[in-house]
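This report concerns only the one structure given below.
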Amino acid sequence: MLQSNGDKKNALGLLLMETDVLGRSFYERPAIEVARSLLGQILVHEETAGRIVEVEAYLGLEDPAAHASRGVTARTRVLFGPPGHAYVYFIYGVYECLNLVAEPEGRPGCILVRALEPLAGLEVMRRRRPKAGSIEQLTSGPAKLTMAMDITRRHNGADVTRGALTVRSPRGQSDFEIAATPRIGIRQAKEWPLRFLIAGNRFVSRRESS
DNA sequence: CAATAGATCATCT
DNA sequence: GATGATCTATTGC
């Protein structure tokens with residue numbers, strides 16, 4: 001969209017002016033509801049920002065694909081804590097993925113943020129992801145977006161209703177259709193339609209799915 | 001295009 | 001000791 005350096009710096013400032021940080025009550029709801037509501041919201045970390053276009057809901061003990069399904073461990077502790085906090089886990093010895101904790105304290109539902117539409121700090125994102133050949137590839141995957149926005153395990157447990165890492169809501173109305181599909185990359189509960197995305201958006205991690 | 005292998009380590013069995 | 005909520009490069013059609 002915006003091309004010059006000056007404009008890009010402005011892009012983040014404008015974004016902050018036009019959005020409000022989502023509070024605790026937003027997250028203190030069933031995970032599926034929070035997942036759908038997160039679409040179209042803006043993830044902000046330092047000088048970078050992106051619009052959430054794809055998420056997955058993970059439930060509790062009843063969801064065999066969820067990390068929380070085996071109860072409280074050192075890793076899953078934050079999932080059982082209060083909502084509105086980040087759960088960042090390390091996977092495949094290489095990557096980190098960002099989740100947002102939902103549901104009232106004691107219930108471990110969470111939302112995996114799978115793809116963003118880059119809105120601010122594109123220059124920085126490109127530098128952090130030199131292998132991305134196009135803007136579409138910058139943040140179109142759960143580990144791509146954490147790399148592009150420098151979200152790491154140091155954010156595990158961070159409160160996203162305040163501080164450096166936040167989710168913000170645009171004031172205007174958003175108008176888009178939500179598609180639901182099975183979740184990606186799991187072995188258990190493969191068919192559950194808990195992946196939600198903005199229909200037709202070109203920044204989602206996969207075009208087609210079934 | 002689609003399929004697959006390799007990277008590489010925290011976490012849990 | 002095996003496995004994984006992924007990405008990338010490479011191979012093969």
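Convention: sequence-line order gives letters A, B, ...; per-chain numbering from 1.
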Modelled atom types, side-chain donor and acceptor of A/Ser37 and A/Arg29, under 3.5 Å = yes
Just how far, in rounded Å, is P of C/dG4 from NZ of A/Lys190?
-> 11 Å
Salt bridge or not for A/Arg153 and A/Glu96, using N-O below 4.0 Å?
-> yes
So does A/Asp63 pair up with A/Arg183, basic N to acidic O under 4.0 Å?
-> yes
C/dA5, B/dT8, C/dC7: which one has an atom nearest the side-chain heavy atoms of A/Val94?
-> B/dT8
Nearest whole angstrom, please: distance from the P of C/dC7 to the CD1 of A/Ile184.
-> 10 Å
Spatial distance of atom CG (A/Leu38) from atom CD (A/Glu33) [nearest 0.5 Å] = 11.0 Å
Considering only side-chain heavy atoms of A/Arg70, which listed nucleotide, B/dT13, B/dT8, C/dA5, is closest?
-> B/dT13
At what distance, to the nearest 0.5 angstrom, does CD of A/Glu56 lie from SG of A/Cys97?
-> 10.0 Å
Rounded to the nearest Å, what distance is computed from the CZ atom of residue A/Arg206 to the P atom of nucleotide C/dT8?
-> 13 Å
A/Asp20 and A/Arg168 ion-paired at < 4.0 Å = no
Would you say A/Arg195 reaches C/dA5's phosphate, i.e. side-chain N/O to OP1/OP2 under 4.0 Å?
-> no
Assign A/Arg183 to base, sugar-phosphate, or nothing according to its heavy-atom contacts below 4.0 angstrom with the strands shown.
-> nothing
Does OP1 or OP2 of C/dC7 have a side-chain N or O of A/Arg129 closer than 4.0 Å?
-> no
Using only heavy-atom distances, determine whether the side chains of A/Arg75 and A/Thr73 contain a donor-acceptor pair under 3.5 Å.
-> no
Nearest-neighbour nucleotide for the A/Tyr92 side chain, C/dA9, C/dC7, B/dA7 considered = B/dA7
How far does OG1 of A/Thr19 sit from CZ of A/Arg51, to the nearest 0.5 angstrom?
-> 13.0 Å
Scan A/Ala143 against the nucleic acid and name what it touches under 4.0 Å (heavy atoms): base, sugar-phosphate only, or nothing.
-> sugar-phosphate
What's the closest nucleotide to the A/Phe90 side chain, out of B/dA10, C/dT8, C/dT6?
-> B/dA10
What integer distance in Å separates A/Arg187:CZ from C/dT6:C1'?
-> 14 Å
Show your working on ring pair (Phe, Tyr, Trp, His ring centres under 6.0 Å) between A/His67 and A/Tyr89 and close with a plain yes or no.
-> CA-CA 10 Å; A/His67 290 170; A/Tyr89 68 90; 4.7 Å; yes
Quick note, A/Ile186 side chain, CB onward, closest among B/dC12, C/dA5, C/dT6 is C/dA5
Of all the nucleotides listed (C/dT8, C/dC7, C/dA5), which has the minimum atom distance to the side chain of A/Tyr95?
-> C/dC7
Less than 3.5 Å between a donor and an acceptor, one on the side chain of A/Tyr89 and one on the base of C/dA5, is that the case here?
-> yes
Polar contact flag, side-chain donor to acceptor under 3.5 angstrom, A/Ser25-A/Glu28 = no
Rounded to whole angstrom units, what separation is found between the CZ atom of A/Arg153 and the P atom of C/dA5?
-> 15 Å
Output the residues of residues 43-63 of chain A in contact with DNA chain B, where contact means a heavy atom of the residue under 4.0 Å from an atom of the strand; sort by number or write none.
-> none
Starting at the 5' end of DNA chain B, what dot-bracket string do you get if Watson-Crick and G-U pairs under 3.5 Å are bracketed, crossing pairs use [ ], other-strand pairs use | and unpaired bases use dots?
-> |||||||.||||.
Gap between atoms CG and P, on A/Asn99 and C/dT6 respectively (whole Å) | 11 Å
Specify the separation, in whole Å, of atom CG of A/Leu79 and atom P of B/dT11.
-> 13 Å
A/Gln137 atom CD is separated from C/dA9 atom P, nearest whole Å, by 10 Å
Any side-chain N or O of A/His67 under 4.0 Å from OP1/OP2 of B/dT11?
-> no
